[in-house]
Amino acid sequence: MDDTRSDTVVVGGGLVGLALAYELACLGQQVTLIDGSLPGRATAAGAGILSPTTTADDDPDWWAMVQACGVHYPRLLARLASDEVDIEPAQYAVCGILSIGLRASEEDWFAPFAALVTRRAPDAVHEISRTEARTLFPALGPVHRVLHHPGAARIDGRGMATALRHGAAGRGVRIIEDVVVGLRVNAEGHRVESAELEGGGSVRGEQFAVCGGAWSAAMGEWLGTRLPVTPTKGQIMHLQSGFDTESWPIAQPLLSHYIVPWSGGRVACGGTFETAAGFDVAPTAAGLHELLRECLLIAPGLAAASYIETRVGLRPTSVDDRPLVGRVPSWSNTWVATGHGANGLLQGPYEARVLAHQMTGVALAPDEPALPSSCLPDRFGLGR
């Protein structure tokens with residue numbers, strides 16, 4: 001397996017790793033992607049909410065970046081389509097979102113949120129009445145206040161990953177199905193030379209990128225650099241309703257769970273935040289109870305829906321809820337893109353594009369902002 005030396009070796013085949021491999025290949029790099037396909041990958045379970053305009057973060061640099069994340073999606077899908085990739089499985093659609101305050105007792109949280117998002121985007125987000133909200137989302141129950149953002153979108157994580165995988169392969173990315181069990185470094189200890197594989201052999205490269213999701217911390221240990229990322233288990237329940245849900249917006253209460261409608265009457269209800277579950281990926285009775293309870297509190301009209309499945313993903317959560325994207329401290333040829341928590345589907349593809357340009361030294365387009373300094377891995381004072 002070590003007969004070919006790639007320009008870049010990407011470790012991790014979730015959405016972020018696939019997007020990075022694709023972007024690097026588009027920039028002319030020879031890329032090898034190593035995909036361990038470990039159970040519980042966040043990409044396979046994510047609900048697919050793309051609503052940067054309703055982010056509650058008031059950092060202006062962060063606001064600019066997440067807006068770019070939203071703009072990037074249709075551009076990326078168009079590029080994949082031009083590469084003759086079938087993008088239909090991604091099910092990208094502009095559906096809108098309802099940001100909801102369920103009870104009057106939530107006003108202390110909802111009022112500042114509403115003021116922030118409507119001030120930043122007065123032409124994109126506006127408050128609507130309870131009656132208007134139920135017209136848009138007929139299964140909705142009693143609510144206190146509702147903001148409507150018609151420009152929000154949804155994406156199927158599994159379908160998007162499949163499209164990126166085909167796009168990467170079409171651009172010449174070599175994909176190896178195996179698990180990385182170690183790294184070989186040079187004598188001086190500042191460059192990674194190869195990734196060692198569970199199935200035997202190694203993969204050599206000029207540069208390496210850690211895109212291991214919830215498992216990224218293990219690679220940090222091999223590098224002698226702590227990558228403070230841990231798994232947060234999320235269970236998401238899918239139901240089959242009798243409604244025509246194709247045109248429904250996403251329902252996202254500020255202090256509760258969300259409901260993402262899809263075509264054909266399917267709705268996704270999620271998600272639990274289980275910080276102490278480790279790498280367990282089994283659906284639990286407590287998790288299912290929580291999801292059903294909150295789903296029917298938000299949308300009692302779904303009471304007659306039938307159960308389809310529960311998906312479980314391990315969100316890679318950093319200690320400060322910001323991703324780690326950039327060069328690994330103390331290493332000259334090793335990069336990282338992980339720690340996106342619940343926002344990997346929204347942020348991952350654009351941040352992968354920015355990182356690919358950093359790694360190759362190619363400038364971004366003028367309308368593509370750099371990542372905020374709060375994303376840089378060295379913010380923790382990491383290093384050996």
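Throughout, residue positions are numbered sequentially from 1 according to the sequence presented. Scope of the values below: all heavy atoms of this structure, side chains included, with no hydrogens, waters or symmetry mates.
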- Message: Applying salt bridge (Lys or Arg N to Asp or Glu O under 4.0 Å), can you list everything that pairs with Glu274, at least two apart in sequence or on another chain?
- Response: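 Result, salt bridge (Lys or Arg N to Asp or Glu O under 4.0 Å) vs Glu274: none returned.
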
- Counterpart residues, salt bridge (Lys or Arg N to Asp or Glu O under 4.0 Å), relative to Arg120 (two or more places apart):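 So Arg120 forms no salt bridge (Lys or Arg N to Asp or Glu O under 4.0 Å) with any residue.
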
Are side-chain heavy atoms of [X] and [Y] found at a separation under 4.5 Å?
X	Y	result
Ile236	Tyr258	yes
Met359	Gln29	no
Leu302	Phe243	yes
Lys233	Val281	no
Val203	Val11	no
Leu24	Thr360	yes
Thr53	Ile97	no
Asp378	Arg327	no

- Message: Using the rule given for salt bridge (charged side-chain N to carboxylate O under 4.0 Å, His left out), can you reason through Arg266 versus Glu309, listing the C-alpha separation, both sets of side-chain angles and the distance that settles it, and then say yes or no?
- Response: CA-CA 11 Å; Arg266 180 169 64 93; Glu309 64 173 334; 5.8 Å; no

Grab the two heavy atoms, one from [X] and one from [Y], that are nearest each other, plus how far apart they are.
X	Y	answer
Leu314	Pro231	CB-CB, 4.1 Å
Ala251	Ile100	CB-CD1, 4.0 Å
Pro316	Ala42	CD-CB, 4.3 Å
Gly344	Leu15	O-CD2, 3.9 Å
Thr338	Ser216	OG1-OG, 2.9 Å
Thr334	Leu223	CG2-CD1, 4.1 Å

From [X] atom [atom1] to [Y] atom [atom2], the distance as rounded to the nearest 0.5 Å:
X	Y	atom1	atom2	value
Arg79	Ile87	CZ	CD1	12.5 Å
Leu33	Cys211	CG	SG	8.0 Å
His166	Tyr22	NE2	OH	13.0 Å
Arg184	Ser194	CZ	OG	4.0 Å
Ser99	Ile128	OG	CD1	10.0 Å
Leu288	Cys295	CG	SG	12.0 Å

Taking [X] for the side chain and [Y] for the main chain, is one N or O donor matched with an acceptor at less than 3.5 Å?
X	Y	answer
Arg379	Cys375	yes
Gln67	Pro52	yes
Asn186	Arg191	yes
Asp178	Ile34	no
Arg158	Ala44	yes
Ser6	Val9	no
Arg154	Ile250	no
Ser263	Glu246	no
Ser332	His190	yes
Thr245	Trp262	yes

- What pairs with Glu193 under side chain to side chain donor-acceptor pair (under 3.5 Å), at least two apart in sequence or on another chain?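 Applying side chain to side chain donor-acceptor pair (under 3.5 Å) to Glu193 gives Arg5.
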
- Item | side chain to side chain donor-acceptor pair (under 3.5 Å) against Arg130, all qualifying residues, sequence neighbours excluded |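 Applying side chain to side chain donor-acceptor pair (under 3.5 Å) to Arg130 gives none.
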
- Check the pair Ser256 / Ile298 against side-chain contact (heavy atoms from CB on, under 4.5 Å), numbers first and verdict last. CA-CA 9 Å; Ser256 184; Ile298 300 161; 3.9 Å; yes

- Task: May I have the step-by-step check of side chain to side chain donor-acceptor pair (under 3.5 Å) for Glu351 and His340, ending in yes or no?
- Result: CA-CA 10 Å; Glu351 292 181 1; His340 292 89; 2.5 Å; yes

- Message: Once ring pair (Phe, Tyr, Trp, His ring centres under 6.0 Å) is applied, what residue pairs with a partner in residues 59-95 remain, sequence neighbours excluded?
- Response: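 Counting only pairs at least two positions apart or across chains, the ring pair (Phe, Tyr, Trp, His ring centres under 6.0 Å) contacts touching residues 59-95 are His72-Tyr350.
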
- Query: Taking only residues at least two apart or on different chains, which pairs with a member in residues 116-156 satisfy ring pair (Phe, Tyr, Trp, His ring centres under 6.0 Å)?
  - Reply: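 Output for this query lists His126-His148, Phe137-Trp248.
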
- Task: Give the intermediate values and the outcome of side-chain contact (heavy atoms from CB on, under 4.5 Å) for residues Glu127 and Thr118.
- Result: CA-CA 9 Å; Glu127 188 158 1; Thr118 54; over 6 Å; no

Any link between [X] and [Y] through a network of hydrophobic side chains (Ile, Leu, Val, Met, Phe, Trp, Tyr) touching at under 4.5 Å?
X	Y	value
Val66	Val94	yes
Met219	Val192	yes
Leu20	Leu38	no
Leu50	Val354	yes
Leu76	Leu345	yes

- Task: Show the numbers, then the answer: is there a side chain to side chain donor-acceptor pair (under 3.5 Å) between Thr284 and Gln235?
- Result: CA-CA 9 Å; Thr284 63; Gln235 302 182 54; 3.0 Å; yes

- Message: If you apply the rule side-chain contact (heavy atoms from CB on, under 4.5 Å), what do you find for Leu164 with Leu80, and how did you get there?
- Response: CA-CA 8 Å; Leu164 283 168; Leu80 287 165; 4.1 Å; yes

- Item | Stepwise salt bridge (charged side-chain N to carboxylate O under 4.0 Å, His left out) check, Asp57 with Arg322 | CA-CA 11 Å; Asp57 197 305; Arg322 284 283 201 260; 2.7 Å; yes

- Can you tell me if CD on Glu88 sees more than 12 non-hydrogen neighbours from other groups inside 6.0 Å?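 No, because the 6.0 Å sphere around CD of Glu88 holds 12 heavy atoms or fewer from other groups.
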
- Output, in order, the C-alpha distance, side-chain angles, deciding distance and verdict of side-chain contact (heavy atoms from CB on, under 4.5 Å) for Val328 and Phe208. CA-CA 10 Å; Val328 177; Phe208 290 79; over 6 Å; no

- Item | Quiz item: cation-pi between Arg145 and Phe113, 6.0 Å / 45° |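 Judged by the rule, Arg145 and Phe113 form no cation-pi pair.
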
